[in-house]
Amino acid sequence: MTRPVPALPERPTIDGLEPKWAGRWDAMGVYDFDRSRPRAEVFAIDTPPPTVSGSLHVGHVFSYTHTDAVARYQRMRGRTVFYPMGWDDNGLPTERRVQNHYGVRCDPSLPYDPDFEPPERPGDRQIPVSRRTFIELCERLAREDEAAFEALWRRLGLSVDWSMTYQTIDADARATAQRAFLRNLARGEAYLSEAPTLWDVTFRTAVAQAELEDRERPAAYHRLLFERADGTDLEIATTRPELLPACVALVAHPDDERHRPLFGTTARTPVFGVEVPVLAHRTADPEKGSGIAMVCTFGDTTDVMWWRELQLPTRAVIGWDGRFVADPPAGLDTEPARAAYAELAGATAHTARERMVAMLREQGRTAGDPQPIVHAVKFYEKGDKPLEIVTTRQWYLRNGGRDPELRAALLKRGRELQWHPEYMRARYESWVEGLNGDWLISRQRFFGVPFPVWYRLDERGETVTDAPITADESALPVDPSTDVPPGYSEAQRGVPGGFTGDPDVMDTWATSSLTPQIAGRWERDDDLFARVFPMDLRPQAHDIIRTWLFSTIVRSHLEHEVLPWRHAALSGWILDPDRKKMSKSKGNVVTPMALLEEFGSDAVRYWAASARPGTDTAFDPGQMKIGRRLAIKILNASRFALSAGAAPGNVTAALDQALLAELATTVDAATAALDDFDYARALEVTERFFWHFCDDYLELVKARAYGEHGDEAAASARAGLGTALSVLLRLFAPFLPFVTEEVWSWWQEGSVHRAPWPKAADLRGQAGAADPDVLTSATDVITVVRRAKSEAKLSMRAEVRRAVIAAPRAVLDRLALAEADIRSAGRIQDIDVREQDGEAVEVAVTF
RNA sequence: GGGCGCGUAGCUCAGCGGGAGAGCACUCGGCUUACACCCGAGCGGUCGCAGGUUCGAACCCUGCCGCGCCCACCA
């Protein structure tokens, strides 16, 4: 039977494959999720929704490629892959982008203007717009960005099912976040609390522990002179003298001999003359500063701890805007104290510090000059001013931060999860162990998911916070600033005896911690949710273990009492050539689309897939060139093999059987690596085999495949070529989806991405009992012949008159099986063999 | 301060108990029944340092040095 000759292109090229195949895959539904399949046949991926605040960068291309390789592998293994894309468009990044892009700012006090149109170009001054207008602009810009993101992902060849795309701000996501919150509230896991809160004065919002970062900042110890009860001076070192009016106590270590006599007595603050107690606390450090600290409400989190544990009064001085409040705190009762405070009122912390120090100096209440130091200060990771601590009412979600049982349960979840690479688990553990409070989930911002609650107003119009009115689950999503709570009418909004909506929105992580529930349509499609949840894989970058990964586990643990996924695959970062993390803010970043256009998507994917899981990797166009070369080689080698008649069939020659035996080993290695999410290893072993196939096997058999040694011998060679090519294309398909699909289409039916993953056992069956080392020995001989030609500065095509091979009997036997191929490949006229002892194989060549 | 990871050829990295490897770069040669976006050959390393375990260590143990990251109550 003759097979149809494949339609081979004259000069194949990898250029233009991306749009061609992206379009066909979409039309053919190659990556559609089949929701009729049972859970055991589903591979569900909790795709990271990229932040929509500008553009994707090389790091995204890098890590999403890793996930895509795994998705494609699982699909070829016969699973139906649940692989949605999401856009993380809620939250501060979008707000900031909208402010800059349109030149506007949100003023919630303004009424909605339906005809508002932003200017073509942002002006010098930001235009105030209503909350609703602001949100509309956020949505508009997000949609534009999302379209550009999708185009990039399609060009990169991500095998996502685009029918399942979600946005973290869309109605379904809002409803899901609100539903989960209401359930948390009903179970007592979410609660409202008025407490000192880390506060960003620029964005005027509370910030959670997970969003903090330390930055080294220059500061100085100022030594202030307090007055002991007996009238003598007491030196107190502080880096924040401006907080003196907020001082509520002095604290030293209980064993500190210097200060022990003072415990139980009081001291007076300089300038303000306020009497404060001297107290002992085990966490006071005798080595630090003067060994005795002033406790202010609040300078840092240590102050908060002492304030809480020692039950101290509150004398807050810093307001929401970071400036000193107008009225002096309680305790500043004397006229001089009030006058001194008036100097600080309205000032920023920086200005207040200068004025406070000046006043202290004038009154002779400092000891010596300030001593400069450098110390770590807490910042909001997206902010550029140090955080203050402000007492506010906020929503919290229990996360084990103040509950040892829950913390232990969450640590246990971390041990249940399979981490790739394994050592990333340590980051989770140290984070959970270091939690110092519950998760603050409310933000005083606009573009986010509102809390689905309202509060009663009493007869005087004061908000009653202890019994929030909750939305009905069936009404979700709600916006309490426009929707009305059950049993009320809009006329009652904001009036005494009526209601008011909760003004805050949820932390972006409070939404994205629910990506499995959002994508799996929890409570909206029970059948789907049961088929995909808990999911198989959470791929993500290692820097958001403490935020996204941890918070997702918290939500799943609280709501479903189960781990949200079985595996977590952590990807590294892309580093600049100078080894710094590559990020947009640093500029000079190559845009991904330009890379895809220059090298081709397969080439860029090759670079990404070459990096070890979890490892930070240098941006390396050199690797992309190699990937491009590999893709072109696949094209050319395939065309050549097919033009020589490559087609699956029975292999009868020992050399061909040996090839398939070697290939079986490669299939085993690649399969084991991908089962372990080690895409890089799978690619490496496949690539190594492929070059061996091209350089050695193809060279050895091409004459035979062309029929120079007879029809039967040719048939075996063509079967060896065809079988190996089919397997190799499938092994490469997860990494180089475009070129493999192109070649597949020349001679096979359907998509290679729906073809079954190769089975080593099948190859071993075809290889039979032949000596698997025949190919190795033949390769050794032609390598020596090539070297001889190189050294003689001859063309590879030069004729060899005679080759004398001296080798052990076993090797000679193997070579005999492939002698005709060796002669053709080396252009050798006569081969003489001589048996010798030992392992060595020697070849003497005469031209 | 605690933890994790990494230091192997000029560069990027693999190898993690028994012959020091790959690709790039470099040198030399070659238009070979596909591929000059190519092919062949070659040069190149006290495997961070110092001890220890072992018949044997790049690989295991200890200490140190350097780099990166994570965490930490930062007066």
Side-chain angles (χ1 to χ4, degrees), chain A residues 8 11-14 214-217 219 221-222 236-240 243 250-252 281 283-285 288-296 299-306 373-378 386 421 423-436 542-543 545-546 572-573 575 577 579-581 603 607 610-612 614-618 620 622-623 625-626 628-644 680-681 684 687-688 691 694-695 698-699 702-703 705-706 708 782-783 785-798 825 827:
Chain A
L8 299 177
R11 283 192 65 82
T13 172
I14 62 168
D214 286 353
R215 293 182 201 162
E216 296 281 320
R217 280 293 177 274
Y221 274 138
H222 297 264
I236 305 289
T238 177
T239 55
R240 299 204 60 184
L243 293 179
L250 299 176
V251 168
H281 197 278
T283 59
D285 183 354
K288 206 168 274 177
S290 48
I292 178 167
M294 68 176 198
V295 184
C296 304
D300 61 26
T301 52
T302 314
D303 282 344
V304 177
M305 176 187 65
W306 285 332
I373 56 160
V374 173
H375 67 162
V377 181
K378 283 195 194 307
Y423 61 75
M424 289 293 179
R425 184 198 315 276
R427 300 202 180 185
Y428 176 89
E429 300 212 334
S430 69
W431 173 253
V432 178
E433 283 162 0
L435 286 169
N436 56 27
H542 59 61
D543 57 332
I545 289 173
R546 68 177 183 171
W573 282 331
L575 305 175
R579 308 258 85 193
K580 296 279 180 253
K581 183 189 174 188
W607 158 73
S610 299
R612 247 63 220 177
T615 308
D616 292 348
T617 302
D620 186 1
Q623 278 296 111
K625 282 186 192 154
I626 297 164
R628 184 176 173 82
R629 190 178 73 138
L630 174 63
I632 293 169
K633 186 77 176 180
I634 289 172
L635 222 45
N636 284 314
S638 301
R639 195 182 81 96
F640 180 51
L642 291 169
S643 72
R681 161 104 26 232
E684 184 194 331
E687 189 187 6
R688 189 188 306 140
W691 285 104
C694 291
D695 295 344
L698 211 39
E699 292 296 328
K702 64 185 178 189
Y706 273 110
E708 290 181 16
I782 59 167
T783 298
V785 173
R786 283 173 183 152
R787 185 182 303 132
K789 290 180 181 178
S790 262
E791 283 168 0
K793 304 206 185 299
L794 291 169
S795 159
M796 286 303 126
R797 169 188 214 191
R827 294 184 169 255

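Each chain gets a letter, A, B and so on, in the order the sequences are listed, and its residues count up from 1.
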Involving RNA chain B, stems made of at least three consecutive Watson-Crick or G-U pairs, both distances under 3.5 Å:
B:1-7 with B:65-71, B:10-13 with B:21-24, B:26-30 with B:38-42, B:48-52 with B:60-64

May I ask you to test the A/Tyr221-A/Thr239 pair for a side-chain heavy-atom distance under 4.5 Å?
yes

Taking only residues two or more places apart in sequence or in another chain, which ones pass side-chain contact (heavy atoms from CB on, under 4.5 Å) with A/Leu435?
A/Gln209, A/Asn399, A/Arg407, A/Trp431, A/Val432, A/Phe550

Between C1' of B/rG1 and CG of A/Asp214, the distance in whole Å:
13 Å

Using whole Å, what does the distance between atom P of nucleotide B/rG2 and atom CD of A/Glu429 come to?
19 Å

Under 4.0 angstrom, heavy atoms only, what part of the nucleic acid is A/Ala641 near: base, sugar-phosphate, or nothing?
nothing

Looking at A/Arg612, does any N or O in its side chain come under 4.0 Å of the phosphate oxygens OP1/OP2 on B/rC6?
no

Under-4.0 Å side-chain N/O to phosphate OP1/OP2 contact, A/Arg787 with B/rG40
no

Which part of the nucleic acid, if any, lies within reach of A/Arg546 when heavy atoms closer than 4.0 Å are counted: base, sugar-phosphate only, or nothing?
sugar-phosphate

Apply side chain to side chain contact (heavy atoms under 4.5 Å, CB included) to A/Glu699 and A/Cys694, showing your working.
CA-CA 7 Å; A/Glu699 292 296 328; A/Cys694 291; over 6 Å; no

What nucleic acid atoms does A/Trp607 come within less than 4.0 Å of, heavy atoms only: base, sugar-phosphate, or nothing?
nothing

Can you work out whether A/Arg681 or A/Ala426 has the more 5'-proximal nearest nucleotide on RNA chain B?
A/Ala426

Between B/rC61 and B/rA41 - P atom distance, rounded Å:
39 Å

Integer-rounded Å distance: B/rC24 P and A/Asp620 CG
12 Å

Do NZ/NE/NH1/NH2 and the carboxylate oxygens of A/Arg425 and A/Glu429 come within less than 4.0 Å?
no

Where do N or O atoms of nucleotides 28-34 of chain B meet protein N or O atoms at under 3.5 Å, pair by pair?
| from | atom 1 | to | atom 2 | distance (Å) |
| --- | --- | --- | --- | --- |
| B/rC28 | O2' | A/Lys793 | NZ | 2.8 |
| B/rU32 | OP1 | A/Arg797 | NH1 | 2.6 |
| B/rU33 | O4 | A/Glu708 | OE2 | 2.1 |
| B/rA34 | N6 | A/Glu699 | OE2 | 3.2 |
| B/rA34 | N3 | A/Asn636 | O | 3.4 |

Interatomic distance, CH2@A/Trp306 vs CG@A/Asp300, rounded to 0.5 Å, equals 7.5 Å

For B/rU53 and B/rC6, measure between their C1' atoms and round to the nearest Å.
24 Å

Below the 4.0 Å mark, does B/rG5 have OP1 or OP2 next to a side-chain nitrogen or oxygen of A/His542?
no

A/Trp431 side chain, from C-beta outward: closest of B/rA72, B/rA75, B/rC73:
B/rA72

Which residues satisfy the side-chain contact (heavy atoms from CB on, under 4.5 Å) test with A/Tyr423, sequence neighbours excluded?
A/Pro421

Between B/rA9 and B/rA20 - P atom distance, rounded Å:
16 Å

Any side-chain donor-acceptor pair under 3.5 Å between A/Trp607 and A/Thr617?
no

Reckon A/Ile626 touches a base, only the sugar-phosphate, or nothing at all at heavy-atom distances under 4.0 Å?
sugar-phosphate

Remember a base hit wins even if backbone is also touched, and classify A/Gly434 as base, sugar-phosphate or nothing at under 4.0 Å, heavy atoms.
sugar-phosphate

With the side chain defined as heavy atoms from C-beta on, A/Glu684 is closest, among B/rC24, B/rA14, B/rC69, to B/rA14

Tell me, please, which residues at least two apart from A/Thr13 pass side-chain contact (heavy atoms from CB on, under 4.5 Å).
A/Asp15

Hey, is A/Glu687 close enough to A/Lys633 for a salt bridge, meaning N to O under 4.0 Å?
no

With RNA chain B as reference, determine whether A/Arg786 or A/Ser610 sits nearer its 5' end, using the nearest nucleotide of each.
A/Ser610

A/Asp285 CG to B/rG1 P, straight-line distance once rounded to whole Å
14 Å

Gap between atoms CD and C1', on A/Glu433 and B/rC4 respectively (whole Å):
13 Å

What is the distance, to the nearest angstrom, from the NE2 atom on A/His281 to the P atom on B/rC73?
14 Å

P-based separation of B/rC16 from B/rC31 [nearest Å]:
42 Å

With a non-hydrogen cut-off below 4.0 angstrom, is A/Arg628 in contact with a base, only sugar-phosphate, or nothing?
base

Please state the P separation for the pair B/rA22 and B/rG5 - nearest whole angstrom.
29 Å

Separation of B/rA72 P from A/Asp300 CG (nearest whole Å)
15 Å

Taking atom P in both B/rC59 and B/rG1, compute the distance separating them and give it to the nearest angstrom.
28 Å

Listed by chain and number, what are the side-chain contact (heavy atoms from CB on, under 4.5 Å) partners of A/Asp695, not counting sequence neighbours?
A/Trp691

Quick one: is B/rC37 close enough that its OP1 or OP2 comes under 4.0 Å of any side-chain N or O from A/Arg11?
no

Rounded to the nearest 0.5 Å, what separates atom CZ in A/Arg240 from atom NE2 in A/His222?
11.0 Å

Rounding to an integer number of angstrom, what distance separates B/rC65 and B/rU27 when you compare their P atoms?
42 Å

Assess, by modelled atom type and distance only, whether the side chains of A/Arg427 and A/His542 contain a donor and an acceptor separated by less than 3.5 Å.
yes

Measure from CZ on A/Arg427 to C1' on B/rC71 and round the result to the nearest Å.
10 Å

When the P atoms of B/rG51 and B/rA58 are compared, how many Å lie between them, rounded to an integer?
14 Å

